[in-house]
Number of protein chains: 4
Amino acid sequence: MKTIGHLISGKVTTEGQRSQDVYNPSTGEVLKQVLLASRTTVEEAIASAQAAYPAWRDTPPAKRARVMYRFRELLEQNAAEICRLIGEEHGKIVHDAMGELQRGIENVEYACGAPELLKGEHSKNVGPAIDSWSEFQPLGVVAGITPFNFPAMVPLWMYPMAIACGNTFVLKPSERDPGSTLFIAELLLEAGLPAGVLNVVNGDKEAVDTLLDDPRVQAVSFVGSTPIAEYIYNRASANGKRCQALGGAKNHAIIMPDADMDNAVSALTGAAFGSSGERCMALSVAVAVGDEAADAFIEKMTAQMQGLQVGAFDDRRNDFGPVITRAHQEKVVGYINSAEEQGAEVVVDGRDPKVPGYENGFFVGGTLIDRVTPEMVCYQEEIFGPVLLVVRVNSMQEAMDLIDAHEYGNGTCIFTRDGEAARYFSDNILVGMVGINVPLPVPVSYHSFGGWKRSLFGDLHAYGPDAVRFYTKRKTITQRWPSAGVREGAQFAFPS
Amino acid sequence: MKTIGHLISGKVTTEGQRSQDVYNPSTGEVLKQVLLASRTTVEEAIASAQAAYPAWRDTPPAKRARVMYRFRELLEQNAAEICRLIGEEHGKIVHDAMGELQRGIENVEYACGAPELLKGEHSKNVGPAIDSWSEFQPLGVVAGITPFNFPAMVPLWMYPMAIACGNTFVLKPSERDPGSTLFIAELLLEAGLPAGVLNVVNGDKEAVDTLLDDPRVQAVSFVGSTPIAEYIYNRASANGKRCQALGGAKNHAIIMPDADMDNAVSALTGAAFGSSGERCMALSVAVAVGDEAADAFIEKMTAQMQGLQVGAFDDRRNDFGPVITRAHQEKVVGYINSAEEQGAEVVVDGRDPKVPGYENGFFVGGTLIDRVTPEMVCYQEEIFGPVLLVVRVNSMQEAMDLIDAHEYGNGTCIFTRDGEAARYFSDNILVGMVGINVPLPVPVSYHSFGGWKRSLFGDLHAYGPDAVRFYTKRKTITQRWPSAGVREGAQFAFPS
Amino acid sequence: MKTIGHLISGKVTTEGQRSQDVYNPSTGEVLKQVLLASRTTVEEAIASAQAAYPAWRDTPPAKRARVMYRFRELLEQNAAEICRLIGEEHGKIVHDAMGELQRGIENVEYACGAPELLKGEHSKNVGPAIDSWSEFQPLGVVAGITPFNFPAMVPLWMYPMAIACGNTFVLKPSERDPGSTLFIAELLLEAGLPAGVLNVVNGDKEAVDTLLDDPRVQAVSFVGSTPIAEYIYNRASANGKRCQALGGAKNHAIIMPDADMDNAVSALTGAAFGSSGERCMALSVAVAVGDEAADAFIEKMTAQMQGLQVGAFDDRRNDFGPVITRAHQEKVVGYINSAEEQGAEVVVDGRDPKVPGYENGFFVGGTLIDRVTPEMVCYQEEIFGPVLLVVRVNSMQEAMDLIDAHEYGNGTCIFTRDGEAARYFSDNILVGMVGINVPLPVPVSYHSFGGWKRSLFGDLHAYGPDAVRFYTKRKTITQRWPSAGVREGAQFAFPS
Amino acid sequence: MKTIGHLISGKVTTEGQRSQDVYNPSTGEVLKQVLLASRTTVEEAIASAQAAYPAWRDTPPAKRARVMYRFRELLEQNAAEICRLIGEEHGKIVHDAMGELQRGIENVEYACGAPELLKGEHSKNVGPAIDSWSEFQPLGVVAGITPFNFPAMVPLWMYPMAIACGNTFVLKPSERDPGSTLFIAELLLEAGLPAGVLNVVNGDKEAVDTLLDDPRVQAVSFVGSTPIAEYIYNRASANGKRCQALGGAKNHAIIMPDADMDNAVSALTGAAFGSSGERCMALSVAVAVGDEAADAFIEKMTAQMQGLQVGAFDDRRNDFGPVITRAHQEKVVGYINSAEEQGAEVVVDGRDPKVPGYENGFFVGGTLIDRVTPEMVCYQEEIFGPVLLVVRVNSMQEAMDLIDAHEYGNGTCIFTRDGEAARYFSDNILVGMVGINVPLPVPVSYHSFGGWKRSLFGDLHAYGPDAVRFYTKRKTITQRWPSAGVREGAQFAFPS
C-alpha cells in the first residue's frame, strides 16, 4: 500500500513512525497511508526553508515569477492525474476537481504578476532634495495549513504568491486527502523552484503546533473550521506571528419576488449540492421573500433535484460524490434528523441514497428542507453537506436581519432584477463576499477572498491583492545626500 | 484648579469620581487635575460612537473629508494655544511642539484625500457579462490609545483617517498631558463633525480594558511601550478585534568612514536630544565604523553639545525641555549611572543640569556616552531620555549585525556618500524605517509609519496608505443580471 | 467703466491697445471692457511663467499642495463675490454659480492630494541588485484656454492640478466673462503662490495662436466647441506640444418604459434647462422608448415646465438666466424655428419669454420639442440653449444606435430600474460619460472628465487622475551601484 | 525563392503584385522576397480586424490573457527558429537575437496580467446612494508600424498588450527583415487567438498611409526614425486617431572622475557596439568629465576593443554582425570620415573590417572617436552604427548641458559611485530613460519605455503601464437607482 510522505529540501521522504489511513470515500475502503510528521520532522522542514530563504529573497521577482509560468504549464499538462488523485481521496467528481484545479491555476497566474504587484510607492522631494519610497519585502519562512475540501486549490491560494513574493514555505495539508497536494508541490520543484523554497509536511496537531510555536516561522495562513481558525489565530498571534485564519460559513441567498426563478433554481442547485456542499462558499440557506416566491422556489427546486445524480468520483455523469468520512456522513444525516424533529419539512430527502456498486461509500443525497427557522440547530451550524435549507420571510429587510444576525459572514447573494435592491443589499449586508444573481460569489484570483464576522480572523484577506500585503512587510526608506559631493568637486577640480 | 474631563456625544463632561494630578514638568508643580473614566463612562462613550455610526457611515466620503479641511484650518488658527498646552503639560519647547503639530496637520491633510484613497477596484467581465468590484467599508466603532510624548500628533495619526473612512471613534489619550488632546478634539467638532463621531475619555487601565473588552469596539490602535503594546495586541486580538500596537525602539545610526561628519553631527544632535529623547524615533545609538570615524564623531559631537540649552518650554531659545516626570528623570539618570558602572565612558554628562529658576523641574541634560557595548543595560533598553550612546565597530557588517540582533526594529539610519553602501544597508537591515543621511526617518504622512520586530504588533502600519486599510474592511461584490430583462422586453414590445 | 486686464508676474496690468465690451446679458448693457492681449503681452506672460518654473519645480509637492489648501479657504470666503461676478457677466443665477464654484473647489481639493497623486512606481531588483522607478515630472510652462460657460469652474479644472504638479501656467479665459476668472486667479496669489507661477492673459485669436506657437509652452488644455478644439489640437500637436481639447456635445437620455417617470422628468428639467442649457453636459435630447413612455414623458414634462422661471442672475427664485449674447439668443431661436419648419412639434415654446424689467436681456425660455428626427438640423447640431428635444423610438437598441451614430460622444444617460438594461447600456454605448438614472453624469473631481468621438481630442481626460498624467511626463530611472564600494572598503580597512 | 506574404483573417496569403528583395546582410545576397501590400490588401486586413472586434472585445480579459500564456510557451519552444530568422535577415548574432526575443517575451508576460491591469476605479457614495466607477475599454482596430532593428521585440511591445486589452490589430513590420515577425504572429494564432484579431501586412508607404487614413483604425503605434515618427504622428492625429510615435536617439553616458572605470568600459562596450549600434538605446556618446577620466577611459576602451569580434550571425563567438544594408554601411562610414575631416581623432577605426568568407557582407567594425565636439555632424545626427564618440568636458554641469541641448532625449546614463551626483543627474536631466551605472536603461517590461524631446511624439510611453492606457479609453459611469424599487415593494407587499 502506498505511503504518502513529506517533501523536505527538495526530496520526498517516507520515513517516519506515525501514520494514518487515507480512504477512498466512494468505496469506503482504505487506499493509502499518510505519514504524520513529528516535531523533529517539521523542524527539519522549517530549517530547510530557512536555509533557502536568503538566496530566494535576493532572486529578482521576475525570475521568481518565471518559475510560476512553468508551474502553470505543468499544472495544465498534469491536470488529469491531479484530478484523479483528488477524486480517489476526496470523492469529488472529475469535472468538479477540474474546476477546483482551474481556480488554483488562476492563483498561480496571479502570482506570475509578482513584478507588477510588488511595486512600491516612490515620492520625489518629500522635502528639499529628500526622496522616500516604500518596499514590500518578504517575511522569511511562512507556513500554510489547509483543509480537506480543496486539496489542490487552497494550497494554491497560498504558496504561489508567498513564494513569488520571496518567502520560503512549509505547507501542512489535510491528512485526509494529501495525495494531490504533494503531487502538485513536486511539479513546482520540477518547474525550477530551488530545493527548500517549498516544503510539505503531512501531519496532525503535533505538526500544526510546531509550526505555530517555532520562532523561525514568520506567518501562518490557515483555512478550516471556525474553532480551529480561532485557535490558530490566537496562538500564532501570541507567538508574534502574522496570521490569517479562515473559518466556517453559512451562506444565505435571498430570493426576491422579482427574481428570475429559473435562473435562481439552476444557480442554487450547483451552489448548494456541488462538491456535496463541502465548500465554505456553498449556498446552504435560501431565504425566500414572501410565500409566493417560496412556493415557486420549492416547486421548481424539487423538480430540478430529481435529476441530481450522486455517485463515485470517476463517472462524469455524476453531479456530486460522497462526503469525506463515515463520521461526517453520520453528522450530516444527524442534522437532517434534527431539522425534522424540530419541525422543519424535509421536502427532498437524501438520507438514504442509492449508489449501486458503492454501498459502502460515504454518500448523502441532495436534501431540501423547507420552513426552517433560526432557532433550529441545522440553521445555526455549518452542515457541510448536500443540504439546502429554506427560510421564509416577509420582507427583504427581515432577510437581511437574519443574515446579519448569524455568526458567520463569509458569502451571500441576492436574486433580483432590481438595481436598487441589489445596491442596498450589497452596501449594507455584513458579509465579506456578496453575489448579485451569482450564488457562489468567490472572488476571481485578482480580487481577494475573505469573510466577515467569525468567518475570518485577521486583517487581510486570502489571495489576490491582499495576499501580496500579507506575505510582505512594508519598509519605508527616506534618503538625502550630502550636498558637497563628487558633483561640485568635479566642477571645481577641472576648470577650463 | 482646572479639571480636564471627557468629550462624549459632543459635550465635555467633568463629572467623575477618580482623578489624577497633571504636572508642569518644567516647574515640577501640579497644574491641573484629569478625570479617570470608570467603565460606565467609557461604555457611554462607546454607546455614543455606536449611535453616531449609521449616519456617518452613509455620509459621502467627500463630505466627511470636507470636515477635515475645516479642521485643518482650525488647527492652524489655534496653533499657539495648542503648543502652549503641550508645553505646559509635556515640557517640550514651543518650536518642538509646533513641529509636532505640523506633523499632525499633515495627517489631517492626508485624511482630506479620503475620496481618492477609498477607491475600490472594478473589474469588468470577470466572466461573460459578470462584473466584480471591491469596496473598503468602515469597521464601526474604533478606539485609539495614545502616549504622553506626542499628545497632539499621535492621536492625529489615528482618528482623522479613521473618521474620514466612515468610522466613529473613542480616544483614550495619555493621562499625563491630556490638555492639548482634548482641546484639539473640540476643534474637530467645531469644524462640523456630528456629535458622537469622536469621543475622548481620559483614564487609566480601567478605561483601556473596557475598550479592549467591549464587543462594540471593532478595532484598536495603540502607541506606547512594547510590554503594553504586546498586552493590548493579545487582548484585543483574543476578543476578535483588529489591532495595531506600536511599541518601543532603540534606533541606531551607522557612521561610515566616508560620512559628511559635520552633517552627521548636526543631524544627530537634533535626533538624539530633541524633545529630551522622548521619541520612539529618537536616534539613541551612534555606531561608528572604525576608530577614526568614532574619534572624529566624538570630538565634533562634544563640541556641538556645548551649545545645547535645556530649559522651560516657553523660552524659544531652549533646545529641549524636561522629561515627563520625576520618576522618569530618575530612571534616565539611573541608566547613565549603570553605563558608567559597566565601563562605558561618559563624555558629556547631563546628570546635573543647571536650569536657573526651575530647580524643581524634571530636567536631564544632553549626555554622550562612548565605548558602550551590547551587554550593557543602557544599550539593551530604551532610555527615552537625552542620552546618546556610541558603539565602536570595525566594519559596516558588524554594525548591521548589531542592529539586527536588537529586540527593536523601529528606525535606523546610515551616514555615507556611497550609493552602494546605502543600498545594501536599506535592502538588508531588519528595521521598518530606514534613513540614508536622514537621522529621523519618520515617513511623511502619505507613506506609513511602522517598525519591525518587537516595535510593532499587527499587519498594517500606522497612518498613510496602511491606515486606510486598517480602518476599513474589504467587501467584494460579484454581479450579473438575468438576461431576459427590460431591454429585450422593450425590443419586442414596440416593433415598428 | 472698469477695464479688466492681465495678471503677469504677480501683478495685474491694464495697459494695452485693443479691448472689447463685456455685457451684462440680463440687461443687454455693456458693463466693462476687457483688454485683448497682443502677441508681445502673451510672450511676456510666458516669459514670466518660464522664469518662475525652476524654483517651483523644485518646491516639494507637499508645499505646493499647501498653497492649494489656502486657496480653497479663500475661495470659500469669497464665494459671494465670485458668484456675483459670474452672474453679472455670464447671466447664470446665483445658486447655479455657487454650484459651479463648488465643483471648481472640488478640483482644488483634488489638487491638494498632489503628494499622494505624484507617487511613482518603485521596483526593487529588476535585475540582481538593480532597482528601477518612475517619476512623474512636471512639463514646464503649460497653457489653458477656457470657455465662457463656466468662467470659474473650467479654469479650476486645469491650473490647480497643473501647478500642484510643479508646472507654471498661462491662462487665456473667455473674453466674454473674464471677471470672475481673474478675481479667482488673484486669490491664488494671495494664498501664497509665487509670482509668475500663474499668469492670466485676456485676448482673442492672437493670444491663442501665440500660446499655440511659442516653443516655451509645453502643453495646452482647451475646452470649447468642436471646430475650435480640432484646430487647437492639430496646431498644438504639429508644434510638438502635448494637447487635450474638449469640444461640443449632444447628450441623449433614454427613457425606458420601466423608468421612474417623475424622477426622470425632475432630473431632466435641471439637466436640460439649467444654466440655459449652456453646458457641454446639458441633456438636450430625450429618447423615449415606445409611444407610451413618450406620451407620459411629454405630459409630465409639459406640466413641470409651467413652473420654470427665467430671469436675471441676482434673483434666486429664477431657475435660469439669459444666454450669453444677443447673437447666441438669435441662433437658439433659429434652431427652434428650423425644428418647427422641418416638422417637429414645439410643445412648450420659449421663443418669446417675458422678463419684466429686463426687456433687453438675452433671454430664451424653456422649450420642449417633440417628434424630432435625426435628419433635422436642431438634432444634428449643438444648440447650447434651454431647448429639450424628444425623439421617439421603438426599442432600446434603436435608441442606442441613434446615440452611437451622432458626431458627439460626451455624456448620456438611461432611466430604468432594471439592472441588466443599465449594464448593457453602460457597457456598449460609445460615449465617455454615462449616467444611470443620473442625467448629468459629470464625473466627480477624483474621477476624470472626457467624452468620446469628436467631443475630445487627445489621449487623456480632464481633471482627476488623468490630469496628473497630462500635466506630468514619465521618467524611468534604472540604478545599480558598483560593487566594490565604501562598504567592503570599510570592512577591510579596519580589521580587529 | 521564398516569398513572405501577409497574415489576414488567420491565413497567410502570398498573392500580390509588388515585392521587394530581402537580403542576408552577412553575405550581401538576396535571400527572399517580401510582398508589398496594396491599399486594397491593407483594407482587407483592417476589415478582418473590424469583423473580429465585437466578439473579442466581449471575451473576458482573463480568457484573453490565457491566449498570451500559451503564446509565451510557444515563443520559448520556437526560440531557436525565431533567432535564426532574425539572424539571417537582420544580421544580429544568435545570442543577441535571443536577448531581443527574451525582452519580447517579457512583454507578453506583462500582457498576461491584463485582468489586473484593466481594473478601473470604483467610488462608493460619490453622492448619497450614488456610485461612480471608471472602465478602461478597448479602442477597436489599432495598428502598429515597426522598424527593422528589432523585428521580434518591437512588435511584441505592441500587439500583445493591445490585444489583451480587447483590441484587434493590424501590424505593418519592416519590409527589410519581415520573416521572424510573421513567424511569431502565426504562433499567436496557434496559441488560440481567433482569426482576424491579429493581422500582418508587409508593405511600404502605401500600406502605411492606408493605415493612417482609414477611419476604422482607431490608434497607431510607431517606432522608427524621428522624421517619419513626426510624419506619422501628425497625419494620424489630424485623422482623429490616437498616436504614439517613437523616433531617434543620441544617448550619452557621463563618465565621472569617481567612476568604476573597468565597469564603465565593460558596460559601454556592449552598449555602444552590440547589435552594431543599431538600437535606439545604443550608447553612442561618452562624455568624460576631466581629461584624466577621458584619458583613462580611452586607454581602457581601446584595449577592450581589441577583442571585439565582428562577423556573421550564426557564429556565437562573434560580438556583433553586419549593419542592415549596403547603403547604411556606406552612411556609417561617411560619418566616420566626416568626424575625421572635422578634426576628431579616430582612435579605433572600423571602416575596413576583415570578415573572412563574408567579403560582401555589410560590415563596419567597432570604432572609437575621441575629441568630438558638438558642432560635428557625427555628433548631431544618429549614426546607428558601431561607433562610439568621446566628448571631453570640464564639469558634470557642462556634460548635462550638452545632453539637454541635443535634439533627442531618449536614454542617458552616468557612471559614478556618488549618491548625490546620481540623484542630481537623474532629477534634472531632460531625458526620459536614465541609467545610474546602467548603460542601456531600457525599462523592464512592467515599467514603460519612452524618450523625451524629439525622441517621442505622444502623451503615453510604450509598453508597461502606459500601454494599458494607450490601448484603452476611459469611460466613467455614475449610477443611482430610483428609491421606490422592489425592495420596499416587497417590504409592504408581504406584511406579517
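Residue numbering restarts at 1 for every chain, and letters A, B, ... go by the order of the sequence lines. All heavy atoms count here, side chains included; hydrogens, waters and symmetry mates do not.
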Chemist: Out of B:Phe457, B:Trp452, B:Phe470, B:Phe415, which one racks up the most heavy-atom pairs below 4.5 Å with chain A?
Modeler: B:Trp452

Chemist: Could you tell me which portion of B:Asp459 (side chain, backbone, both or neither) has an atom closer than 4.5 angstrom to a non-hydrogen atom of chain A?
Modeler: both

Chemist: Side chains of B:Asn263 and B:Asn437: is there a donor and an acceptor less than 3.5 Å apart?
Modeler: no

Chemist: A:Arg469, A:Glu121, A:Lys473, A:Arg57: which one forms the most heavy-atom pairs within less than 4.5 Å of chain B?
Modeler: A:Lys473

Chemist: With the side chain counted from C-beta on, respond yes when B:Ile436 and A:Ile477 share a heavy-atom pair under 4.5 Å apart, and no when they do not.
Modeler: yes

Chemist: Using only heavy-atom distances, determine whether the side chains of B:Ser445 and B:Asn107 contain a donor-acceptor pair under 3.5 Å.
Modeler: no

Chemist: Among side-chain atoms of B:Tyr424 and B:Gln397, is any donor-acceptor pair under 3.5 angstrom?
Modeler: yes

Chemist: So A:Val141 and A:Asn167, side chain to side chain contact (heavy atoms under 4.5 Å, CB included) or not? Walk me through it.
Modeler: CA-CA 6 Å; A:Val141 178; A:Asn167 302 284; over 6 Å; no

Chemist: Just wondering, do B:Trp133 and B:Thr476 contact through their side chains at under 4.5 Å, heavy atoms?
Modeler: no

Chemist: Measuring heavy-atom distances to chain A, does B:Phe449 have an atom under 4.5 Å in its side chain, in its backbone, in both, or in neither?
Modeler: neither

Chemist: Of the backbone (N, CA, C, O) and the side chain (C-beta and beyond), which part of B:Val126 lies under 4.5 Å from a heavy atom of chain A, both, or neither?
Modeler: both

Chemist: Answer with side chain, backbone, both or neither: which region of A:Tyr233 has an atom nearer than 4.5 Å to a non-hydrogen atom of chain B?
Modeler: side chain

Chemist: Select, from A:Ser426, A:Pro443, A:Ala259, the one with the greatest count of heavy-atom pairs under 4.5 Å involving chain B.
Modeler: A:Ser426

Chemist: Quick one: what part of A:Asp262 sits under 4.5 Å from any heavy atom of chain B, side chain, backbone, both or neither?
Modeler: neither

Chemist: Please determine, by modelled atom types, if B:Asn251 and B:Thr412 share a side-chain donor-acceptor pair under 3.5 angstrom.
Modeler: no

Chemist: Between B:Asn410 (side chain) and B:Val431 (backbone), is there a donor-acceptor pair under 3.5 Å?
Modeler: no

Chemist: Please output the residues of residues 240-248 of chain B in contact with chain A, using a heavy-atom cutoff of under 4.5 Å, in numerical order.
Modeler: B:Arg242, B:Cys243

Chemist: Most heavy-atom pairs under 4.5 angstrom with chain B, which of A:Gln479, A:Arg474, A:Arg480?
Modeler: A:Arg474

Chemist: Using 0.5 Å steps for rounding, measure from the NZ atom of A:Lys119 to the CZ atom of A:Phe136.
Modeler: 13.0 Å

Chemist: Test side chain to side chain contact (heavy atoms under 4.5 Å, CB included) on B:Arg417 and B:Asp260; report intermediate values, then the result.
Modeler: CA-CA 7 Å; B:Arg417 296 172 185 279; B:Asp260 176 334; 3.6 Å; yes

Chemist: Is a donor from one side chain sitting under 3.5 angstrom from an acceptor on the other, for A:Ser132 and B:Tyr446?
Modeler: no

Chemist: Mind ranking A:Asn428, A:Ile130, A:Ile414, A:Asp58 by heavy-atom pairs under 4.5 Å with chain B and telling me who comes out on top?
Modeler: A:Asn428

Chemist: At a heavy-atom distance under 4.5 Å, which candidate from A:Gly432, A:Gly127, A:Ala422, A:Pro441 has the highest pair count against chain B?
Modeler: A:Gly432

Chemist: Hydrogens and angles aside, do A:Gln218 and A:Tyr53 bring a side-chain donor and acceptor to less than 3.5 Å of each other?
Modeler: no

Chemist: With a 4.5 angstrom heavy-atom cut-off, which part of B:Arg454 approaches chain A: side chain, backbone, both or neither?
Modeler: neither

Chemist: Using only atom types and a distance under 3.5 Å, with no angle test, would you say the side chain of A:Lys475 pairs donor to acceptor with the backbone of B:Asp427?
Modeler: yes

Chemist: B:Ile429 versus chain A, heavy atoms under 4.5 Å apart: side chain, backbone, both or neither?
Modeler: both

Chemist: For each of A:Met433, A:Lys453, A:Gln137, A:Glu230, tally heavy-atom pairs with chain B at distances under 4.5 Å, and name the one with the top tally.
Modeler: A:Gln137

